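Remember, it's 1-based here, ligands and their atoms both numbered in the order they're listed. No experiment lies behind these values; they were computed from the predicted model shown.
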Amino acid sequence: MLKLFAPDKYISGYAKVNPDELKKRGIRVLVCDIDNTLVAHDEADPSEEVKAFLQRVKDSGLEIILISNNVEERVCRFARGLPFHVRFYPFAKKPLKMTYRKMMRDTGYDRSQIAVLGDQLLTDMFGANRMCFYTILTHPVVQRDLRCTKINRIFENIIFRLLAVSGKLKRGTFDDEM
Ligand SMILES: [Mg+2]
């Protein structure tokens, strides 16, 4: 059970994603969470750094898809702020599987071709690991969270402790160079 919360890779920030490494693994799409993965939840638009990062991922040949639990207005505005078109799925209800399944039906990707980048163990990692996707946990962009996320973080702290005790993951010890 505990291993369903552990990411395959743990990085200090989204910019540490290595598209070449993902491609070597057979990955074809990077599914990104938005809030606190790419920008803070109260930043409506992608920053120049985020745009440059996503452009780099796209130029490497990977597709980018946004999957967020946030509302349509937020996710749509963020997606439209990017310099190229991306598929996006609001109200995803992560960690439930429904939106990931819909995305697979829409795109035709096999689960072995999908990597998920997110900042939360309880939603992003748990949901994506249950789908058998490749999972990348990033350190949150900022410490402030949406109210509902604050509750998740309490449980997340407990899971982080359990993962540390079992030797599966140590908070703040990143795999950036791998
Ligand atoms: Mg998030």
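- Residue D119 counts as close to the Mg ion (ligand 1), with an N, O or S atom under 2.8 Å.
- Between the Mg ion (ligand 1) and the N, O or S atoms of D35, the shortest distance is to O.
- Side-chain contact annotation: D8 with T135, donor-acceptor N/O pair under 3.5 Å present.
- Clustering of Ile, Leu, Val, Met, Phe, Trp and Tyr by side-chain heavy atoms under 4.5 Å joins V142 with V141.
- In terms of distance to the Mg ion (ligand 1), the nearest N, O or S atom of D33 is named OD2.
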All N/O donor-acceptor pairs, side-chain side in residues 86-96, below 3.5 Å, sequence neighbours left out:
| unit_1 | atom_1 | unit_2 | atom_2 | d |
| --- | --- | --- | --- | --- |
| R87 | NE | E63 | OE2 | 3.4 |
| Y89 | OH | D106 | OD2 | 2.7 |
| K94 | NZ | D33 | OD1 | 3.1 |
| K94 | NZ | I67 | O | 2.8 |
| K94 | NZ | D124 | OD1 | 2.9 |

**Request:** Would you check, one step at a time, whether the test side-chain contact (heavy atoms from CB on, under 4.5 Å) holds for Y14 with E49?
**Result:** CA-CA 10 Å; Y14 62 79; E49 290 78 13; 3.3 Å; yes

